[in-house]
Asks: 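Please see the structure below; I have some questions.
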Amino acid sequence: MLQSTSKLKMMEYIMDQNKIRNIAIIAHVDHGKTTLVDQLFKASGMYRDNQEIQERLMDSMDLERERGITIQSKNGACMYKDHLVNIIDTPGHADFGGEVERVLKMADGVLFLVDAQEGPMPQSHFVLKKAIALNLPIIVIVNKVDKQYARSDWAIDQVFDLMVNLNATDDMLDFPILYASAKNGLSGLSLDSMSESMEPIFESVIKNVPAPNCDEAALFKLLVSSISYSPFMGRLAIGKVSQGKILINQEVVISSEDKVSEKIRVTKIYGFKSDSFEEITQASAGNIVAIAGLEAIRVNETISHPESPEPITGIKVDPPTISMQFIANNSPFSGLEGDYVTSSQLKERLYKETLTDVALHVENLAGDSGFTVSGRGELHLSILIEKMRREGFEFQVARPKVILKDVDGTLSEPFEEVTIQVPDEAMGAVIESMGNRKGQMQHMDQQDGMVNLKFELPTRGLLGYQSEFMTQTKGLGLLFSKFLDYRKHTGDIKVRKCGVLISKETCKSIAYALDNLQDRGRLFIGPGVDIYEGQIIGENSREEDMVVNPSKSKKLTNMRASGSDDSVILTPPLKMSLEQYLSFIDDSELVECTPKSIRVRKIILSESDRKRSH
């Protein structure tokens, strides 16, 4: 989140409510949302002409910059003429929908950004549905109108149809439309009247988004929508002041549905300027602020005046659909690469994550053997694993599993609607894979050498398919999914057809041994790699598992023969990502995650112990 505190002069944050606009920006992944925010900040005149400005300013996490997606919801603000515009940048992926649901409570209107070529995509359906349920006015911005195959009118028709399907009111369906090319700094009310500024967007926001309707005379209340951290002030509670005003050193209480805290003193109040904090002395109703000094605060709790401790009703977050077991690292290489290895350190870190991520659930496994972590999807949990690896944690995770439910006495599982765009030549392989994963085709059409497919299938069928899909389509396919509902369990889905190659002993791999093994399957390691007994070093070409010796060396002899002493030529090992490993393993295997390595292993390392357990 936002780390730096602005050293600007301390000021009051008291503004006429009618001059405040709080907007959330909703868009599918890679539709230009964060780039648009950059342009809005530039257009507001808050930067000097010679100031160096970082691109994708709101993507502050390393993982966000690497993957090109927004993971955490963030706040920013800028002045346009005499109006304060608070901007909430929301994730575009449904796996991070928990972030979006809670921050929509701060917004009074929504900018819905769609790609002029692709139109509204499944990932944004979820967020738009939540905005419509909250009755927030929606402004549609058709972005990337400079694309070669842009079809703006079609995109607008698709938005209208989508909003009708999401039960939008007649007033909402009469939405204002703007056109933009955020990358080039262009916007306008029509394609023929594009200007080199963001002024048309600001004007539309001021005209169509209502000012906050808050009671300034009532006693102070603020619903906490997100939590940030400051290296100096600790936890910062971020939310919109729902009523009254707040001053530094004022006493407040933290209230929820079942309890009210003791009185606590507010030590600092921050407003937003661009993507950074600005220290202020007080803030009034309608403003979005960050409050320091409340170490025990959690998302969805209310900060109140002690004389009016009644909590504000928080937004209901949809339940998780996928769970995964996190276990302290007990492999032979435990503690060699990470700083935090113990079960208690793992527990503390996982429960700390639930304070800021309301869509994440953590439960202790029986006998303190580990933790069950539940989230919105595979990406949601893999991002958590990657964050913890980078922080120095060592741990192991089991295969992701969907969360099953009993619905009217029937065992049910989550289903997804999957939208796929692939080249014509890849269509057959994709349809076959979807069939093997219990997918039912709902729609198909062809256009300009591309095929659009729509399937309904169990969430289990999607686990790990992304990497196979990219191989089938040679990286040219697009796959998006959205949660539908719980339906009757469809039975077993067999995805992995091959067994694995398992190391016989703890050793260092030798090229000579790997040369003999590469005919048996695909290897995950190269020569000179430290391996332990029970570690999986490759995929077998047959269905059964095979125990192998990757350290077998060539027997020395004085005899020489033509052709038998040729140098070893190894095929480069298969390097898989964290998500690919998670989808590769079965129920008898674990992925070992350390800051430097990702390894795959059998739960029972010893070959003799594995035989006894069967």
Asks: Taking the side chain as every heavy atom from C-beta outward, state whether Asp445 and Val451 have any atom pair closer than 4.5 Å.
Replies: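 Contact flag for Asp445/Val451 side chains = no.
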
Asks: Does a donor on one side chain and an acceptor on the other come within less than 3.5 Å for Asp586 and Ser588?
Replies: yes

Asks: For a 4.5 angstrom cut-off between non-hydrogen side-chain atoms, does Met441 reach Ile431?
Replies: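 Contact flag for Met441/Ile431 side chains = yes.
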
Asks: Strictly by modelled atom types, are Gln535 and Ser503 linked by a side-chain donor-acceptor pair under 3.5 Å?
Replies: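 Absent: no donor and acceptor within the cut-off.
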
Asks: Hey, does Lys508 have a side-chain heavy atom less than 4.5 Å from the side chain of Pro550?
Replies: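 With C-beta onward as the side chain, the pair stays apart.
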
Asks: Quick check on Arg151: does its CZ atom have over 12 non-hydrogen neighbours (other residues, nucleotides or ligands) under 6.0 Å away?
Replies: yes

Asks: Show the nearest heavy-atom pair for residues Gly119 and Ala155, with the distance to one decimal.
Replies: CA-CB, 4.1 Å

Asks: Short question: side chain of Ser374, backbone of Pro320 - any donor-acceptor pair under 3.5 Å?
Replies: no

Asks: Any salt bridge between Glu386 and Arg390, counting N to O under 4.0 Å?
Replies: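 Counted as a salt bridge, because a side-chain N and a carboxylate O are separated by less than 4.0 Å.
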
Asks: Give a yes-or-no answer on whether the side chains of Ser608 and Ser606 include a donor-acceptor pair shorter than 3.5 Å.
Replies: yes

Asks: With distance as the sole test, does Glu353 use its side chain to make a donor-acceptor pair with the main-chain N or O of Leu350 at under 3.5 Å?
Replies: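 The answer is no, because no donor-acceptor pair under 3.5 Å joins these two groups.
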
Asks: With a 4.5 Å cut-off on side-chain heavy atoms, are Arg399 and Val591 touching?
Replies: no

Asks: Strictly below 4.0 Å, N to O, side chains only: are Glu337 and Arg599 in salt-bridge contact?
Replies: yes

Asks: I want to check something: taking the side chain as every heavy atom from C-beta on, are Arg601 and Glu589 in contact at a cut-off of under 4.5 Å?
Replies: no

Asks: Determine, for Glu539 against Arg522, whether the closest basic-nitrogen to carboxylate-oxygen distance falls under 4.0 angstrom.
Replies: yes

Asks: CD of Glu544: more than 12 outside heavy atoms within 6.0 angstrom?
Replies: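 Result for CD/Glu544: enclosed.
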
Asks: Can you check side-chain hydrogen bond (donor to acceptor under 3.5 Å, both in side chains) on Glu592 and Ser597, steps first, answer last?
Replies: CA-CA 8 Å; Glu592 179 189 353; Ser597 312; over 6 Å; no

Asks: If every non-hydrogen atom of Leu360 is compared with every non-hydrogen atom of Gly375, which pair is closest and at what distance?
Replies: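 Result for this residue pair: CD1-CA, 4.5 Å.
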
Asks: Please answer whether the main-chain N or O of Thr342 pairs with a side-chain N or O of Gln345 as donor and acceptor at a distance below 3.5 Å.
Replies: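 Flag set: sc Gln345 to bb Thr342 pair under 3.5 Å.
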
Asks: Determine yes or no for a side-chain-to-main-chain donor-acceptor pair under 3.5 angstrom, with Lys144 supplying the side chain and Val114 the backbone.
Replies: no

Asks: For Val422, does its backbone N or O pair with a side-chain atom of Thr473 as donor and acceptor, under 3.5 Å?
Replies: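 No, Thr473 side chain to Val422 backbone: no donor-acceptor pair under 3.5 Å.
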
Asks: Under a 4.5 Å cut-off applied to non-hydrogen side-chain atoms, are Val37 and Ile25 in contact?
Replies: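 Heavy-atom side-chain distance check passes, below 4.5 Å.
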
Asks: Using side-chain heavy atoms (C-beta onward) and a distance below 4.5 Å, is Tyr581 in contact with Phe524?
Replies: yes

Asks: Does Glu394 use its side chain to pair, donor to acceptor, with the backbone of Gly335 at less than 3.5 Å?
Replies: yes

Asks: I need the minimum non-hydrogen distance between Phe469 and Gln421, along with the two atoms involved.
Replies: CZ-O, 4.3 Å

Asks: Write down the atom of Cys593, the atom of Leu578, and the distance for their closest heavy-atom approach.
Replies: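 In this case the closest contact between Cys593 and Leu578 is SG-CD1, 4.1 Å.
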
Asks: Hey, is the main chain of Val529 close enough, under 3.5 Å, to the side chain of Ser509 for a donor-acceptor pair?
Replies: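 Between the backbone of Val529 and the side chain of Ser509 there is a qualifying donor-acceptor contact (under 3.5 Å).
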
Asks: Thinking salt bridges, do Glu456 and Arg487 make one under a 4.0 Å N-O criterion?
Replies: yes

Asks: May I ask you to decide if Leu457's main-chain N or O and Arg437's side chain share a donor-acceptor pair within less than 3.5 Å?
Replies: no

Asks: Can a donor-acceptor pair be found, under 3.5 Å and without considering hydrogens, that links the side chain of Glu118 to the backbone of Asp115?
Replies: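 Looks like no, no N/O pair under 3.5 Å.
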
Asks: When you check the gap from the basic side-chain N to the acidic O, do Lys504 and Glu607 get nearer than 4.0 Å?
Replies: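 No.
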
Asks: Compare every heavy atom of Asp515 with every heavy atom of Gln518, then report the nearest pair and how far apart it is.
Replies: NE2-OD1, 3.2 Å

Asks: Can you confirm whether Glu505 is buried at CD, in the sense that more than 12 heavy atoms of other residues, nucleotides or ligands lie under 6.0 Å from that atom?
Replies: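 Yes, CD of Glu505 has more than 12 neighbouring heavy atoms, counting only those of other groups under 6.0 Å.
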
Asks: Do Phe371 and Phe326 have ring centres separated by under 6.0 Å?
Replies: no

Asks: Can you confirm whether more than 12 heavy atoms, excluding those of Lys147, are under 6.0 Å from its NZ atom?
Replies: yes

Asks: Which pair of non-hydrogen atoms, one from Asp545 and one from Val500, has the smallest distance, and what is that distance?
Replies: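 For Asp545 and Val500, the tightest heavy-atom pair comes out as OD1-N, 3.0 Å.
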
Asks: Check the side chains of Gln396 and Ser331 for a donor-acceptor pair under 3.5 angstrom, ignoring hydrogens and angles.
Replies: no

Asks: Going by an N to O cut-off under 4.0 Å, is there a salt bridge joining Lys611 and Asp609?
Replies: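 Looking at Asp609 together with Lys611, the answer is no, because their closest N to O distance does not fall below 4.0 Å.
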
Asks: Please indicate whether Asp492 has more than 12 foreign heavy atoms, meaning atoms of other residues, nucleotides or ligands, lying under 6.0 Å from its CG.
Replies: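 Counting neighbours around CG of Asp492, 12 or fewer heavy atoms of other residues, nucleotides or ligands fall under 6.0 Å, so no.
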
Asks: Could you tell me whether Tyr532 and Phe333 have their ring centroids closer than 6.0 angstrom?
Replies: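 When the ring centroids of Tyr532 and Phe333 are compared, they turn out to be within the sub-6.0 Å range.
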
Asks: Using modelled atom types only, decide if a donor and an acceptor are shared between the side chain of Thr321 and the backbone of Arg376 within a distance under 3.5 Å.
Replies: yes

Asks: Hey, is NZ on Lys438 packed in by over 12 heavy atoms from elsewhere, all under 6.0 Å?
Replies: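 Check passes, neighbour count above 12.
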
Asks: Between Glu391 and Arg349, does at least one N-O distance fall below 4.0 Å, as a salt bridge requires?
Replies: yes

